[in-house]
Amino acid sequence: MTVVTRFAPSPTGFLHIGGARTALFNWLYARHCSGQFRLRIEDTDRARSTQEAKDAILDGLKWLELAWDGEVVYQSAHADRHAELAHRLLAEGKAYHCYCTPEELAEMRAQARAEGRPALYDGRWRDRDPADAPKDVRPVVRLKAPQSGETVIADAVQGEVRVPNAQLDDMILLRADGTPTYMLSVVVDDHDMAVSHVIRGDDHLTNAFRQLQLFRALDWPEPTFAHIPLIHGPDGAKLSKRHGALGVDAYRDMGFLPEAVRNYLLRLGWSHGDDEVIGTEQAIEWFDLPGINKGAARFDMAKLANLNAHYLREADPDRLVTLIAPALETARGSALTTEHRQRVRAGLSDLLQRAKTLVELADMASFYVLERPLPMDDKAATLLDPENRERLGRLVRDLDGLAAWEHDALETVVRTFADHEALKLGKVAQPLRAALTGRTTSPGIFEVMTVLGRDETLARLRDAAADAAG
RNA sequence: GACCCCAUCGUCUAGUCAGGUCUAGGACGCCACCCUUUCAAGGUGGAAACACGGGUUCGAAUCCCGUUGGGGUCGCCA
(Lines give C-alpha, C1' and ligand atoms only; values in the text may rest on other atoms or scores of the structure.)
Protein backbone atom coordinates (compact mmCIF):
# COMPACT_ATOMS: atom_id res chain seq x y z
CA MET A 1 0.00 0.00 0.00
CA THR A 2 1.28 3.42 -0.89
CA VAL A 3 1.48 5.79 2.01
CA VAL A 4 -0.26 9.08 1.33
CA THR A 5 -0.26 11.82 3.94
CA ARG A 6 -1.72 15.26 3.70
CA PHE A 7 -1.52 18.64 5.33
CA ALA A 8 -4.94 20.27 5.31
CA PRO A 9 -4.97 23.78 6.77
CA SER A 10 -7.90 26.12 6.57
CA PRO A 11 -6.84 29.44 5.04
CA THR A 12 -8.06 31.68 7.82
CA GLY A 13 -4.67 32.85 9.02
CA PHE A 14 -0.94 32.40 8.60
CA LEU A 15 0.90 29.11 8.85
CA HIS A 16 1.63 29.09 12.55
CA ILE A 17 4.31 27.06 14.26
CA GLY A 18 1.95 24.28 15.31
CA GLY A 19 0.69 23.89 11.76
CA ALA A 20 4.26 23.89 10.54
CA ARG A 21 5.04 20.97 12.80
CA THR A 22 1.99 19.06 11.59
CA ALA A 23 3.11 19.66 8.02
CA LEU A 24 6.64 18.56 8.89
CA PHE A 25 5.48 15.29 10.45
CA ASN A 26 3.29 14.53 7.45
CA TRP A 27 6.11 15.35 5.07
CA LEU A 28 8.65 13.33 7.03
CA TYR A 29 6.41 10.31 7.30
CA ALA A 30 5.60 10.35 3.59
CA ARG A 31 9.29 10.66 2.71
CA HIS A 32 10.23 7.97 5.21
CA CYS A 33 7.76 5.58 3.56
CA SER A 34 8.59 6.69 0.03
CA GLY A 35 5.00 7.83 -0.19
CA GLN A 36 3.21 11.00 -1.15
CA PHE A 37 2.71 14.21 0.78
CA ARG A 38 -0.34 16.13 -0.43
CA LEU A 39 -1.53 19.63 0.34
CA ARG A 40 -5.19 20.45 0.62
CA ILE A 41 -6.60 23.87 1.40
CA GLU A 42 -9.82 23.55 3.39
CA ASP A 43 -11.57 26.62 2.14
CA THR A 44 -15.18 25.55 2.45
CA ASP A 45 -15.89 28.45 4.78
CA ARG A 46 -15.78 31.10 2.09
CA ALA A 47 -16.55 33.87 4.52
CA ARG A 48 -13.41 33.29 6.55
CA SER A 49 -11.02 32.11 3.86
CA THR A 50 -8.73 34.69 2.35
CA GLN A 51 -6.27 34.74 -0.52
CA GLU A 52 -3.62 36.26 1.77
CA ALA A 53 -3.92 33.30 4.10
CA LYS A 54 -3.58 30.82 1.23
CA ASP A 55 -0.47 32.62 0.02
CA ALA A 56 0.97 32.74 3.53
CA ILE A 57 0.52 28.99 3.94
CA LEU A 58 2.10 28.17 0.59
CA ASP A 59 4.95 30.60 1.21
CA GLY A 60 5.50 29.19 4.68
CA LEU A 61 5.75 25.64 3.39
CA LYS A 62 8.11 26.70 0.64
CA TRP A 63 10.32 28.52 3.09
CA LEU A 64 10.42 25.43 5.30
CA GLU A 65 11.29 23.44 2.18
CA LEU A 66 8.43 21.03 2.68
CA ALA A 67 7.52 20.31 -0.93
CA TRP A 68 4.16 18.72 -1.56
CA ASP A 69 3.39 16.19 -4.26
CA GLY A 70 0.95 16.92 -7.04
CA GLU A 71 -1.37 19.86 -7.34
CA VAL A 72 -2.77 21.75 -4.37
CA VAL A 73 -6.32 20.58 -3.76
CA TYR A 74 -8.89 23.24 -2.97
CA GLN A 75 -11.69 21.67 -1.05
CA SER A 76 -14.29 24.15 -2.20
CA ALA A 77 -13.88 22.85 -5.74
CA HIS A 78 -15.40 19.54 -4.74
CA ALA A 79 -18.55 20.74 -2.97
CA ASP A 80 -20.79 19.06 -5.54
CA ARG A 81 -19.08 15.73 -5.09
CA HIS A 82 -19.44 16.04 -1.31
CA ALA A 83 -23.14 16.87 -1.53
CA GLU A 84 -23.68 14.00 -3.94
CA LEU A 85 -22.45 11.53 -1.33
CA ALA A 86 -24.71 12.99 1.32
CA HIS A 87 -27.61 12.37 -1.03
CA ARG A 88 -26.44 8.84 -1.58
CA LEU A 89 -26.51 8.30 2.18
CA LEU A 90 -29.97 9.84 2.29
CA ALA A 91 -31.17 7.45 -0.43
CA GLU A 92 -29.66 4.50 1.43
CA GLY A 93 -31.45 5.49 4.62
CA LYS A 94 -28.14 6.19 6.38
CA ALA A 95 -28.89 9.87 6.70
CA TYR A 96 -32.00 11.94 7.30
CA HIS A 97 -33.44 15.45 7.21
CA CYS A 98 -33.54 17.38 10.44
CA TYR A 99 -35.82 20.41 10.75
CA CYS A 100 -34.53 21.80 14.03
CA THR A 101 -33.88 25.52 14.05
CA PRO A 102 -30.60 26.88 15.44
CA GLU A 103 -32.57 28.31 18.36
CA GLU A 104 -34.10 24.95 19.12
CA LEU A 105 -30.65 23.37 19.08
CA ALA A 106 -29.18 26.01 21.38
CA GLU A 107 -32.00 25.40 23.83
CA MET A 108 -31.43 21.65 23.65
CA ARG A 109 -27.75 22.07 24.48
CA ALA A 110 -28.37 24.50 27.30
CA GLN A 111 -30.79 22.14 28.91
CA ALA A 112 -28.58 19.09 28.51
CA ARG A 113 -25.73 20.97 30.09
CA ALA A 114 -27.87 22.17 32.95
CA GLU A 115 -28.79 18.58 33.66
CA GLY A 116 -25.19 17.45 33.55
CA ARG A 117 -25.61 15.54 30.32
CA PRO A 118 -23.39 15.87 27.26
CA ALA A 119 -24.51 18.73 25.02
CA LEU A 120 -25.65 16.71 22.06
CA TYR A 121 -28.39 16.72 19.45
CA ASP A 122 -31.06 14.32 20.70
CA GLY A 123 -31.97 12.82 17.34
CA ARG A 124 -35.56 13.98 17.43
CA TRP A 125 -35.93 13.92 13.62
CA ARG A 126 -34.07 10.68 13.17
CA ASP A 127 -37.12 8.46 12.87
CA ARG A 128 -39.82 11.06 12.59
CA ASP A 129 -42.32 10.99 9.76
CA PRO A 130 -41.21 13.42 7.02
CA ALA A 131 -44.85 14.44 6.77
CA ASP A 132 -44.36 16.29 10.08
CA ALA A 133 -41.82 18.57 8.43
CA PRO A 134 -42.61 22.23 8.87
CA LYS A 135 -43.01 23.98 5.51
CA ASP A 136 -41.06 27.09 6.46
CA VAL A 137 -37.85 25.40 7.70
CA ARG A 138 -35.13 24.24 5.33
CA PRO A 139 -33.67 21.02 6.73
CA VAL A 140 -30.09 19.98 7.25
CA VAL A 141 -28.95 16.44 6.50
CA ARG A 142 -27.65 14.40 9.41
CA LEU A 143 -25.86 11.09 9.52
CA LYS A 144 -27.78 8.27 11.17
CA ALA A 145 -24.94 7.31 13.52
CA PRO A 146 -24.89 4.21 15.70
CA GLN A 147 -26.55 4.88 19.06
CA SER A 148 -25.24 2.04 21.12
CA GLY A 149 -21.92 0.34 21.51
CA GLU A 150 -18.70 2.27 21.15
CA THR A 151 -16.41 3.54 18.46
CA VAL A 152 -12.76 2.64 18.80
CA ILE A 153 -9.82 4.28 17.12
CA ALA A 154 -6.47 2.56 16.90
CA ASP A 155 -4.54 5.80 16.83
CA ALA A 156 -0.91 5.52 15.80
CA VAL A 157 0.09 8.02 18.46
CA GLN A 158 -2.65 7.99 21.09
CA GLY A 159 -3.07 4.24 21.13
CA GLU A 160 -6.49 2.65 21.39
CA VAL A 161 -9.04 5.30 22.26
CA ARG A 162 -12.67 4.39 22.73
CA VAL A 163 -15.77 6.48 23.11
CA PRO A 164 -19.34 5.29 23.79
CA ASN A 165 -21.53 6.05 20.80
CA ALA A 166 -24.00 7.64 23.16
CA GLN A 167 -21.46 10.46 23.39
CA LEU A 168 -21.54 11.01 19.66
CA ASP A 169 -24.61 12.61 18.10
CA ASP A 170 -25.85 12.61 14.53
CA MET A 171 -23.56 15.09 12.84
CA ILE A 172 -24.67 17.47 10.16
CA LEU A 173 -23.50 16.52 6.67
CA LEU A 174 -25.27 19.16 4.62
CA ARG A 175 -26.25 22.60 5.86
CA ALA A 176 -29.73 24.06 5.30
CA ASP A 177 -28.39 25.78 2.20
CA GLY A 178 -27.24 22.43 0.82
CA THR A 179 -23.52 23.02 1.22
CA PRO A 180 -21.34 20.31 2.78
CA THR A 181 -19.87 20.65 6.25
CA TYR A 182 -16.23 20.14 7.12
CA MET A 183 -16.88 16.66 8.53
CA LEU A 184 -18.29 15.43 5.25
CA SER A 185 -15.74 17.20 3.06
CA VAL A 186 -12.75 15.92 4.99
CA VAL A 187 -13.86 12.32 4.76
CA VAL A 188 -14.71 12.48 1.08
CA ASP A 189 -11.52 14.29 0.14
CA ASP A 190 -9.32 12.02 2.21
CA HIS A 191 -10.93 9.07 0.46
CA ASP A 192 -10.74 10.60 -3.01
CA MET A 193 -7.10 11.58 -2.49
CA ALA A 194 -6.34 8.05 -1.28
CA VAL A 195 -4.98 9.37 2.00
CA SER A 196 -3.66 6.44 4.00
CA HIS A 197 -2.47 8.28 7.12
CA VAL A 198 -4.25 11.22 8.70
CA ILE A 199 -1.61 12.94 10.81
CA ARG A 200 -2.95 16.08 12.49
CA GLY A 201 -3.25 17.96 15.78
CA ASP A 202 -4.99 16.12 18.59
CA ASP A 203 -7.61 18.84 18.75
CA HIS A 204 -9.13 16.73 15.97
CA LEU A 205 -9.19 13.52 17.98
CA THR A 206 -12.87 13.76 18.87
CA ASN A 207 -13.69 14.56 15.25
CA ALA A 208 -12.00 11.36 14.24
CA PHE A 209 -14.68 9.24 15.87
CA ARG A 210 -17.40 10.89 13.84
CA GLN A 211 -15.32 10.72 10.70
CA LEU A 212 -14.76 7.04 11.27
CA GLN A 213 -18.52 6.52 11.45
CA LEU A 214 -18.85 8.32 8.13
CA PHE A 215 -16.18 6.19 6.48
CA ARG A 216 -18.10 3.14 7.61
CA ALA A 217 -21.47 4.46 6.43
CA LEU A 218 -19.89 5.07 3.05
CA ASP A 219 -18.30 1.60 3.02
CA TRP A 220 -14.88 3.08 2.46
CA PRO A 221 -11.56 1.81 3.80
CA GLU A 222 -10.49 3.63 6.95
CA PRO A 223 -7.24 5.57 7.06
CA THR A 224 -4.81 5.25 9.94
CA PHE A 225 -5.16 8.16 12.32
CA ALA A 226 -2.25 9.74 14.15
CA HIS A 227 -3.19 12.60 16.44
CA ILE A 228 -0.17 14.54 17.53
CA PRO A 229 -0.22 16.74 20.63
CA LEU A 230 -0.47 20.47 20.33
CA ILE A 231 2.38 22.84 21.08
CA HIS A 232 2.00 24.95 24.19
CA GLY A 233 3.50 28.27 25.17
CA PRO A 234 6.30 28.59 27.78
CA ASP A 235 3.67 28.94 30.49
CA GLY A 236 1.97 25.68 29.59
CA ALA A 237 -1.14 27.31 28.25
CA LYS A 238 -2.25 27.04 24.68
CA LEU A 239 0.15 28.75 22.34
CA SER A 240 -0.96 32.30 21.76
CA LYS A 241 0.31 35.18 19.69
CA ARG A 242 1.94 36.44 22.85
CA HIS A 243 4.44 33.63 22.92
CA GLY A 244 4.99 32.00 19.61
CA ALA A 245 1.85 31.34 17.65
CA LEU A 246 3.44 33.47 15.02
CA GLY A 247 3.52 32.79 11.35
CA VAL A 248 6.59 30.94 10.15
CA ASP A 249 7.45 34.14 8.30
CA ALA A 250 8.03 35.72 11.71
CA TYR A 251 10.67 33.10 12.46
CA ARG A 252 12.28 33.77 9.12
CA ASP A 253 12.32 37.48 9.97
CA MET A 254 13.84 36.77 13.37
CA GLY A 255 16.77 35.24 11.51
CA PHE A 256 16.15 31.53 11.87
CA LEU A 257 17.20 29.06 9.21
CA PRO A 258 14.53 26.67 7.91
CA GLU A 259 16.67 23.63 8.68
CA ALA A 260 17.00 24.79 12.29
CA VAL A 261 13.26 25.30 12.63
CA ARG A 262 12.66 21.85 11.18
CA ASN A 263 15.11 20.22 13.58
CA TYR A 264 13.63 22.05 16.54
CA LEU A 265 10.06 21.21 15.62
CA LEU A 266 11.01 17.58 15.05
CA ARG A 267 12.50 17.25 18.53
CA LEU A 268 9.46 18.87 20.10
CA GLY A 269 7.44 15.82 20.98
CA TRP A 270 9.50 13.29 19.09
CA SER A 271 12.85 11.78 19.91
CA HIS A 272 15.39 9.27 18.75
CA GLY A 273 17.31 8.35 21.89
CA ASP A 274 19.61 11.16 22.97
CA ASP A 275 20.06 12.62 19.51
CA GLU A 276 19.53 16.36 19.34
CA VAL A 277 21.02 17.56 16.09
CA ILE A 278 19.21 15.69 13.39
CA GLY A 279 19.65 16.74 9.79
CA THR A 280 16.89 16.32 7.26
CA GLU A 281 18.20 13.17 5.60
CA GLN A 282 18.71 11.58 8.99
CA ALA A 283 15.25 12.68 10.06
CA ILE A 284 13.65 11.04 7.04
CA GLU A 285 15.47 7.83 7.82
CA TRP A 286 14.58 7.79 11.50
CA PHE A 287 11.15 9.37 11.68
CA ASP A 288 8.28 7.14 12.65
CA LEU A 289 4.90 7.53 14.31
CA PRO A 290 5.52 5.46 17.49
CA GLY A 291 8.29 7.86 18.51
CA ILE A 292 5.83 10.71 18.92
CA ASN A 293 4.96 11.60 22.52
CA LYS A 294 1.38 11.87 23.67
CA GLY A 295 1.81 14.87 25.91
CA ALA A 296 1.93 18.47 24.73
CA ALA A 297 5.34 20.16 24.61
CA ARG A 298 6.16 23.75 25.42
CA PHE A 299 7.76 26.03 22.93
CA ASP A 300 11.26 27.15 23.94
CA MET A 301 12.81 29.95 21.94
CA ALA A 302 16.22 29.55 23.61
CA LYS A 303 16.58 26.00 22.39
CA LEU A 304 15.54 27.00 18.89
CA ALA A 305 18.19 29.72 19.01
CA ASN A 306 20.83 27.23 20.13
CA LEU A 307 20.00 24.90 17.28
CA ASN A 308 19.96 27.82 14.88
CA ALA A 309 23.48 28.80 15.98
CA HIS A 310 24.57 25.27 15.15
CA TYR A 311 23.06 25.31 11.66
CA LEU A 312 24.40 28.81 11.05
CA ARG A 313 27.93 27.48 11.53
CA GLU A 314 27.30 24.57 9.23
CA ALA A 315 25.69 26.64 6.50
CA ASP A 316 27.37 27.53 3.24
CA PRO A 317 29.13 30.90 3.80
CA ASP A 318 28.06 32.34 0.47
CA ARG A 319 24.45 31.53 1.24
CA LEU A 320 24.74 33.37 4.55
CA VAL A 321 26.27 36.42 2.92
CA THR A 322 23.38 36.47 0.48
CA LEU A 323 20.87 36.11 3.31
CA ILE A 324 22.24 39.01 5.34
CA ALA A 325 23.07 41.26 2.38
CA PRO A 326 19.69 43.07 2.44
CA ALA A 327 20.09 43.95 6.11
CA LEU A 328 23.64 45.13 5.50
CA GLU A 329 22.51 47.33 2.63
CA THR A 330 19.85 48.82 4.83
CA ALA A 331 22.47 49.49 7.49
CA ARG A 332 24.80 51.33 5.14
CA GLY A 333 22.05 52.91 3.08
CA SER A 334 23.37 51.78 -0.26
CA ALA A 335 24.29 48.71 -2.26
CA LEU A 336 27.14 46.47 -1.24
CA THR A 337 30.26 46.48 -3.41
CA THR A 338 32.20 43.36 -4.27
CA GLU A 339 34.82 44.44 -1.75
CA HIS A 340 32.19 44.70 0.97
CA ARG A 341 30.94 41.22 0.23
CA GLN A 342 34.46 39.86 0.29
CA ARG A 343 35.11 41.48 3.64
CA VAL A 344 31.97 40.02 5.14
CA ARG A 345 32.77 36.67 3.63
CA ALA A 346 36.31 36.79 5.10
CA GLY A 347 35.07 37.81 8.54
CA LEU A 348 32.17 35.37 8.57
CA SER A 349 33.64 32.39 10.39
CA ASP A 350 34.64 34.55 13.35
CA LEU A 351 31.29 36.31 13.38
CA LEU A 352 29.51 32.96 13.32
CA GLN A 353 30.88 32.01 16.74
CA ARG A 354 28.92 34.90 18.21
CA ALA A 355 25.63 34.86 16.34
CA LYS A 356 22.55 32.81 17.06
CA THR A 357 20.43 34.33 14.32
CA LEU A 358 20.87 35.94 10.93
CA VAL A 359 19.64 39.19 12.45
CA GLU A 360 22.47 39.11 14.99
CA LEU A 361 24.92 38.09 12.31
CA ALA A 362 23.96 41.01 10.09
CA ASP A 363 24.15 43.39 13.01
CA MET A 364 27.59 42.19 14.02
CA ALA A 365 28.86 42.26 10.45
CA SER A 366 27.63 45.75 9.75
CA PHE A 367 30.84 47.51 10.80
CA TYR A 368 32.65 45.78 7.96
CA VAL A 369 30.52 47.59 5.39
CA LEU A 370 29.71 50.89 7.07
CA GLU A 371 30.93 54.12 5.50
CA ARG A 372 33.50 56.32 7.29
CA PRO A 373 33.41 58.12 9.54
CA LEU A 374 32.16 55.18 11.51
CA PRO A 375 29.22 55.79 13.86
CA MET A 376 30.12 55.06 17.51
CA ASP A 377 27.84 53.57 20.08
CA ASP A 378 27.87 55.17 23.55
CA LYS A 379 30.40 52.87 25.15
CA ALA A 380 32.77 53.16 22.20
CA ALA A 381 32.48 56.94 22.21
CA THR A 382 33.24 57.05 25.93
CA LEU A 383 36.25 54.85 25.46
CA LEU A 384 37.69 57.15 22.81
CA ASP A 385 38.66 59.95 25.16
CA PRO A 386 41.40 62.42 24.14
CA GLU A 387 44.13 60.34 25.78
CA ASN A 388 43.16 57.17 23.93
CA ARG A 389 42.75 59.04 20.65
CA GLU A 390 46.25 60.44 20.93
CA ARG A 391 47.56 57.01 21.72
CA LEU A 392 45.83 55.66 18.62
CA GLY A 393 47.60 58.40 16.65
CA ARG A 394 50.95 57.09 17.84
CA LEU A 395 49.93 53.51 17.08
CA VAL A 396 49.05 54.46 13.49
CA ARG A 397 52.68 55.42 12.88
CA ASP A 398 53.91 51.98 14.01
CA LEU A 399 51.26 50.22 11.96
CA ASP A 400 51.94 52.30 8.89
CA GLY A 401 55.49 50.99 8.73
CA LEU A 402 54.40 47.38 8.73
CA ALA A 403 55.59 45.50 5.66
CA ALA A 404 53.17 42.57 5.68
CA TRP A 405 49.57 43.19 6.82
CA GLU A 406 49.03 39.86 8.50
CA HIS A 407 47.43 38.70 11.71
CA ASP A 408 50.58 37.70 13.63
CA ALA A 409 52.61 40.68 12.47
CA LEU A 410 49.82 43.02 13.53
CA GLU A 411 49.66 41.37 16.92
CA THR A 412 53.39 41.78 17.39
CA VAL A 413 53.24 45.48 16.56
CA VAL A 414 50.34 46.16 18.90
CA ARG A 415 51.81 44.13 21.75
CA THR A 416 55.15 45.85 21.41
CA PHE A 417 53.39 49.20 21.33
CA ALA A 418 51.51 48.36 24.52
CA ASP A 419 54.78 47.39 26.21
CA HIS A 420 56.34 50.71 25.26
CA GLU A 421 53.36 52.56 26.65
CA ALA A 422 53.61 50.39 29.78
CA LEU A 423 50.04 49.21 29.30
CA LYS A 424 48.31 45.87 29.33
CA LEU A 425 47.21 44.76 25.91
CA GLY A 426 43.56 45.29 26.74
CA LYS A 427 44.11 48.98 27.36
CA VAL A 428 45.23 49.36 23.78
CA ALA A 429 42.99 46.76 22.18
CA GLN A 430 39.74 48.22 23.46
CA PRO A 431 40.22 51.76 22.07
CA LEU A 432 41.47 50.15 18.89
CA ARG A 433 38.30 48.07 18.73
CA ALA A 434 36.15 51.12 19.31
CA ALA A 435 37.85 53.05 16.53
CA LEU A 436 37.68 50.16 14.09
CA THR A 437 34.20 48.80 14.80
CA GLY A 438 32.36 51.60 16.60
CA ARG A 439 31.61 49.14 19.39
CA THR A 440 33.20 47.60 22.45
CA THR A 441 32.57 44.03 21.43
CA SER A 442 33.66 42.38 18.20
CA PRO A 443 35.66 39.47 16.86
CA GLY A 444 39.35 39.34 17.75
CA ILE A 445 40.89 42.72 16.99
CA PHE A 446 43.73 41.39 14.80
CA GLU A 447 41.18 39.42 12.84
CA VAL A 448 39.23 42.62 12.34
CA MET A 449 42.33 44.49 11.15
CA THR A 450 43.20 41.70 8.76
CA VAL A 451 39.74 41.55 7.23
CA LEU A 452 39.42 45.32 7.02
CA GLY A 453 42.78 45.57 5.25
CA ARG A 454 45.54 48.12 5.62
CA ASP A 455 43.90 51.10 3.96
CA GLU A 456 40.55 50.90 5.68
CA THR A 457 42.12 50.14 9.06
CA LEU A 458 44.52 53.06 8.93
CA ALA A 459 41.82 55.38 7.63
CA ARG A 460 39.48 54.50 10.50
CA LEU A 461 42.28 54.96 13.01
CA ARG A 462 43.21 58.33 11.54
CA ASP A 463 39.56 59.35 11.77
CA ALA A 464 39.70 58.62 15.50
CA ALA A 465 43.09 60.23 16.02
CA ALA A 466 42.09 63.35 14.08
CA ASP A 467 39.20 63.94 16.42
CA ALA A 468 41.70 64.30 19.22
CA ALA A 469 43.41 67.11 17.41
CA GLY A 470 40.18 68.88 16.60
C1' G B 1 -20.64 20.35 33.34
C1' A B 2 -19.95 15.74 29.99
C1' C B 3 -16.42 12.94 27.23
C1' C B 4 -11.30 12.02 25.86
C1' C B 5 -5.97 12.55 26.54
C1' C B 6 -1.58 13.57 29.39
C1' A B 7 1.88 13.67 33.93
C1' U B 8 10.47 12.26 34.74
C1' C B 9 15.30 18.30 36.19
C1' G B 10 12.87 25.48 34.79
C1' U B 11 12.23 23.52 29.37
C1' C B 12 12.71 19.41 25.44
C1' U B 13 13.41 14.47 26.52
C1' A B 14 15.87 8.90 27.42
C1' G B 15 14.17 5.11 30.47
C1' U B 16 7.76 2.89 30.89
C1' C B 17 4.98 -1.44 26.31
C1' A B 18 8.56 -6.89 27.73
C1' G B 19 9.43 -4.29 36.68
C1' G B 20 15.75 -5.35 38.95
C1' U B 21 21.66 -3.18 35.01
C1' C B 22 18.34 4.00 37.35
C1' U B 23 22.15 6.43 44.26
C1' A B 24 17.32 8.19 36.94
C1' G B 25 20.99 9.54 31.35
C1' G B 26 21.34 13.50 27.45
C1' A B 27 20.25 18.45 25.51
C1' C B 28 18.80 23.76 26.16
C1' G B 29 18.96 27.29 29.91
C1' C B 30 21.36 28.59 34.63
C1' C B 31 25.84 28.87 38.13
C1' A B 32 31.31 28.40 38.91
C1' C B 33 36.14 27.84 37.10
C1' C B 34 39.72 27.59 32.91
C1' C B 35 41.09 30.03 28.36
C1' U B 36 41.27 35.37 27.07
C1' U B 37 42.42 42.02 23.80
C1' U B 38 36.17 42.64 24.30
C1' C B 39 32.00 39.59 23.35
C1' A B 40 31.34 34.91 22.10
C1' A B 41 32.93 30.06 21.08
C1' G B 42 35.48 26.04 23.43
C1' G B 43 36.97 23.06 27.88
C1' U B 44 36.00 21.38 32.99
C1' G B 45 32.78 21.06 37.04
C1' G B 46 27.94 22.03 39.51
C1' A B 47 22.76 22.81 41.13
C1' A B 48 18.30 20.70 39.14
C1' A B 49 13.11 15.72 38.22
C1' C B 50 10.25 10.19 38.65
C1' A B 51 3.03 15.20 40.96
C1' C B 52 0.60 12.88 45.47
C1' G B 53 -1.70 8.60 48.03
C1' G B 54 -2.79 3.61 48.09
C1' G B 55 -2.03 -1.20 46.25
C1' U B 56 0.49 -5.69 43.35
C1' U B 57 5.61 -7.66 43.93
C1' C B 58 11.37 -10.26 46.98
C1' G B 59 11.83 -5.63 44.09
C1' A B 60 8.01 -0.09 40.99
C1' A B 61 9.99 5.91 37.40
C1' U B 62 8.15 1.40 35.02
C1' C B 63 1.96 -2.57 36.43
C1' C B 64 -3.24 -1.42 38.86
C1' C B 65 -6.69 2.04 41.46
C1' G B 66 -7.68 6.78 43.35
C1' U B 67 -6.47 12.02 44.06
C1' U B 68 -4.49 16.41 42.26
C1' G B 69 -2.75 19.20 38.28
C1' G B 70 -2.60 20.29 32.97
C1' G B 71 -4.61 19.95 28.05
C1' G B 72 -8.29 18.94 24.18
C1' U B 73 -13.39 18.52 22.39
C1' C B 74 -18.49 19.42 22.97
C1' G B 75 -21.01 24.92 16.13
C1' C B 76 -25.72 24.57 10.08
C1' C B 77 -16.31 26.84 12.05
C1' A B 78 -12.54 24.21 10.20
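Chain letters run A, B, ... following the sequence lines, proteins first, then strands; residues in each count from 1. Since we're looking at a predicted model, the values are computed, not measured. Values reported hereafter were calculated over all heavy atoms of this structure, with side chains retained and with hydrogens, waters and symmetry mates removed.
Within residues 137-154 of chain A, the residues that place at least one heavy atom under 4.0 Å from RNA chain B are, in residue-number order, A:V140. Residues from residues 164-173 of chain A that place a heavy atom under 4.0 Å from any atom of RNA chain B, listed by number: A:Q167, A:I172. For RNA chain B, the residues of residues 106-126 of chain A within the heavy-atom distance limit of 4.0 Å (strictly under) are A:R109, A:R113, A:G116, A:P118, A:A119, sorted by number. The stretch residues 439-451 of chain A comes close to RNA chain B through A:T440, A:T441, A:S442, A:P443, A:G444, A:I445, A:F446, each having a heavy atom under 4.0 Å from the strand.
Nucleotides of RNA chain B with any atom under 4.0 Å from a heavy atom of chain A span, from 5' to 3', B:G1 to B:A78.
The ring-ring contact (aromatic ring centres under 6.0 Å, His included) test applied to A:F225 returns A:H227, not counting sequence neighbours. Contacts of A:Y96 classified as ring-ring contact (aromatic ring centres under 6.0 Å, His included), with partners at least two apart in sequence or in another chain: none. Shown here are the ring-ring contact (aromatic ring centres under 6.0 Å, His included) partners of A:H197, two or more places apart in sequence or in another chain: A:Y29. Remark: A:D419 pairs with no residue by the side-chain contact (heavy atoms from CB on, under 4.5 Å) rule, at least two apart or across chains. Contacts of A:Y121 classified as ring-ring contact (aromatic ring centres under 6.0 Å, His included), with partners at least two apart in sequence or in another chain: none. A:V137 meets the side-chain contact (heavy atoms from CB on, under 4.5 Å) test with A:Y99, A:T101, A:P134; sequence neighbours excluded.
Pairing partner, B:G75: none, since no Watson-Crick or wobble contact has both distances short of 3.5 Å.
In summary, the aromatic rings of A:Y264 and A:F299 are positioned with their centroids under 6.0 Å apart.
Between B:U62 and B:G15, the two C1' atoms lie 8 Å apart (nearest whole Å). Rounded to whole Å, the separation between the P atoms of B:U13 and B:G19 comes to 25 Å. Taking atom C1' on both B:A60 and B:G20, the two are 10 Å apart, rounded to the nearest angstrom.
No side-chain donor-acceptor contact under 3.5 Å links A:D288 to the backbone of A:G291. Of the possible donor and acceptor atoms, none in the side chain of A:R267 sits under 3.5 Å from a partner among the backbone N and O of A:N263. With hydrogens and angles ignored, the 3.5 Å screen pairs no side-chain donor or acceptor of A:T357 with any backbone N or O of A:G255.
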Please set out all donor-acceptor pairs under 3.5 angstrom arising from side-chain atoms of residues 143-152 of chain A, sequence neighbours excluded.
from   : atom 1 : to     : atom 2 : distance (Å)
A:E150 : OE2    : A:R162 : NH1    : 2.3
A:T151 : OG1    : A:N165 : OD1    : 2.4
A:T151 : OG1    : A:Q213 : NE2    : 3.4

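By the 30° and 60° cut-offs, the orientation of the rings of A:F256 relative to A:Y251 is tilted.
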